[in-house]
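What follows is one structure encoded as structure tokens, with my remarks underneath.
Labels below follow one simple rule: chain letters A, B, ... track the order of the sequence lines, proteins then strands, and each chain is numbered from 1.
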Number of protein chains: 2
Amino acid sequence: MPSTFEKLASTLRHVRSGGPLFSSGDPFGSLYGVHGGFFKTSTVDGDGRWQVTGFFMAGDLLGLDGIGSGRYQLTATALEDSVVAVMPYPLVETLSRESPDLQRELHAALSREIAREHGVMLLLGSMHAEQRLATFLLNLSLRFRRRGYSPSDFQLRMTRADIGSYLGMTLETVSRLFSRLQHEGIVEIRQRHVRLIDADRLRAISEPA
Amino acid sequence: MPSTFEKLASTLRHVRSGGPLFSSGDPFGSLYGVHGGFFKTSTVDGDGRWQVTGFFMAGDLLGLDGIGSGRYQLTATALEDSVVAVMPYPLVETLSRESPDLQRELHAALSREIAREHGVMLLLGSMHAEQRLATFLLNLSLRFRRRGYSPSDFQLRMTRADIGSYLGMTLETVSRLFSRLQHEGIVEIRQRHVRLIDADRLRAISEPA
DNA sequence: CGGGCGATTGACTTTCGTCAACGCGTGTGG
DNA sequence: CCACACGCGTTGACGAAAGTCAATCGCCCG
């Protein structure tokens with residue numbers, strides 16, 4: 001997480017597992033820096049279609065989508081008991097006018113979120129189910145590594161349905177693919193516990209034919 | 001387009017049809033406001049996978065994805081002879097520190113781009129090919145309407161392959177679906193000229209089962 | 001200890017991708 | 001000025017990938 005942001009954290013807020021940090025349509029007020037725990041974000045459109053749009057862990061920033069319209073566009077749900085730093089947006093605005101560094105960090109955070117979504121679009125639009133799942137696992141692994149956790153041995157906090165929604169496939173397909181990867185000795189999966197046995201082969205799978 | 005931005009437009013730049021406004025990897029320098037013409041943006045990832053990530057017309061803002069990393073992440077290609085307003089980013093930074101209005105507009109633009117991409121993710125992740133194409137046509141129609149052009153009678157500037165890439169399907173599927181919609185009397189399509197005959201049925205198609 | 005959510009697995013169906021042939025227009029060079 | 005080539009689009013036949021529907025299982029949590 002951008003360090004300059006830290007100063008903005010006026011308060012901490014705890015969110016119970018399963019509870020919402022904010023919900024789609026709520027008036028926008030603050031950005032949130034995840035201190036600990038795990039979140040998913042999801043959209044709903046007017047026709048009731050919904051989709052998980054991302055997973056967020058310590059150091060990630062939530063709520064950026066609400067700036068434009070004055071309302072949160074997404075719902076952020078805690079997938080385990082979590083703590084966030086509350087950064088009131090008016091304060092962010094004011095301080096970033098005084099501090100070019102902070103300004104740049106905010107812009108960078110917004111821009112990086114855009115870039116992240118390009119990646120998801122690429123994944124959804126141009127990859128097969130197995131490539132998507134492999135990419136997903138590798139991405140999780142990388143993010144755990146960066147935070148000092150084991151990149152090859154971790155807990156999934158989300159359900160198969162969450163993963164499926166995020167990756168644009170059904171939960172059955174997620175389950176089948178997990179089983180397949182396990183049979184091939186590439187990963188070991190028991191419930192939500194994942195152990196990456198052969199990350200190289202996983203990388204190979206994630207690549208185009 | 002946000003009106004306050006207009007003041008930032010130091011110069012205009014012309015881009016010939018088929019030419020790049022900027023390319024993935026170029027050092028980031030400016031944001032671009034489309035004055036006239038039509039652009040597509042596309043990504044490439046390390047493995048050579050690529051995808052069209054958006055279409056941009058008069059009033060839209062290009063280049064936002066470059067702020068975070070100092071390099072443009074996308075390639076922006078003109079699909080017809082086009083004109084853009086060049087807004088040097090250092091200038092944007094400076095002025096938006098002096099003007100809360102401008103600051104808010106910039107943040108809003110970034111945030112809206114994030115929200116737009118959520119919509120694309122929803123489209124790619126949870127809709128069938130026919131729903132995607134119907135949604136795409138309706139979206140184009142809406143954007144032409146907002147700009148004072150006919151919402152029911154317009155030219156596509158992009159190829160079937162561009163559309164297919166953007167919508168996560170093959171160009172053959174795009175072509176077949178166009179034919180189907182035409183047979184059903186919902187649209188009339190001759191080459192790149194589109195006439196929406198029955199927007200209500202198109203809307204019905206775009207909705208979930 | 002039992003209930004219920006989440007996960008797995010199977011059988012079958014559907015959608016869409018792939019491969020391939022052909023058609024239409026347009027611009028260019030002989 | 002015509003012919004042809006090339007990019008773009010259409011259409012068809014076929015197959016593969018993933019969705020749907022359904023039954024069953026296994027963990028947790030209460």
(request) Starting from P on dT15(C), measure out to CD1 on I205(B) and report it in whole angstrom. (result) 14 Å

(request) Determine, stepwise, if the pair R112(A) / D60(A) fulfils salt bridge (Lys or Arg N to Asp or Glu O under 4.0 Å). (result) CA-CA 11 Å; R112(A) 261 186 274 108; D60(A) 294 332; over 6 Å; no

(message) Short of 4.0 Å, heavy atom to strand atom, which residues of residues 173-192 of chain A count as contacting DNA chain D?
(response) T173(A), R176(A)

(message) Tell me the interatomic distance from Q155(A), atom CD, to dG6(C), atom P, rounded to whole angstroms.
(response) 16 Å

(request) Measure the shortest side-chain to side-chain distance between S126(B) and W50(A) over non-hydrogen atoms and say whether it is less than 4.5 angstrom. (result) no

(message) Among Y72(A), F28(A), Y32(A), exactly one meets ring pair (Phe, Tyr, Trp, His ring centres under 6.0 Å) together with Y89(A). Which residue is that?
(response) F28(A)

(request) Return the orientation label for the F144(B) and F38(B) ring planes: parallel under 30°, perpendicular over 60°, tilted otherwise. (result) parallel

(message) Between C1' on dG19(D) and NE2 on H128(B), what's the gap in Å once rounded to a whole number?
(response) 7 Å

(message) Just the rounded figure in Å: distance from P of dG17(C) to CG of L171(B).
(response) 10 Å

(message) Rounded to whole Å, please give me the gap between CG in L133(A) and P in dA17(D).
(response) 16 Å

(message) Exactly one of T77(A), T75(A), D162(A) should register a side-chain hydrogen bond (donor to acceptor under 3.5 Å, both in side chains) with K40(A). Which one does?
(response) D162(A)

(request) Check the distance between dT15(C)'s P and M127(B)'s CE and give it to me in whole angstrom. (result) 15 Å

(message) Side chains of D65(B) and H118(A), heavy atoms from C-beta outward: is any pair under 4.5 Å?
(response) yes

(request) Write down the distance between CD (E172(A)) and C1' (dC12(C)), rounded to a whole number of angstrom. (result) 13 Å

(message) Without decimals, in angstroms, what is the distance between L156(A) CG and dG6(C) C1'?
(response) 13 Å

(request) Please state whether the base of dC16(C) and the side chain of E130(B) form at least one donor-acceptor pair under 3.5 Å? (result) no

(request) Let me know, please, whether R160(A) or G168(B) comes out on the 5' side of the other along DNA chain C by nearest nucleotide. (result) R160(A)

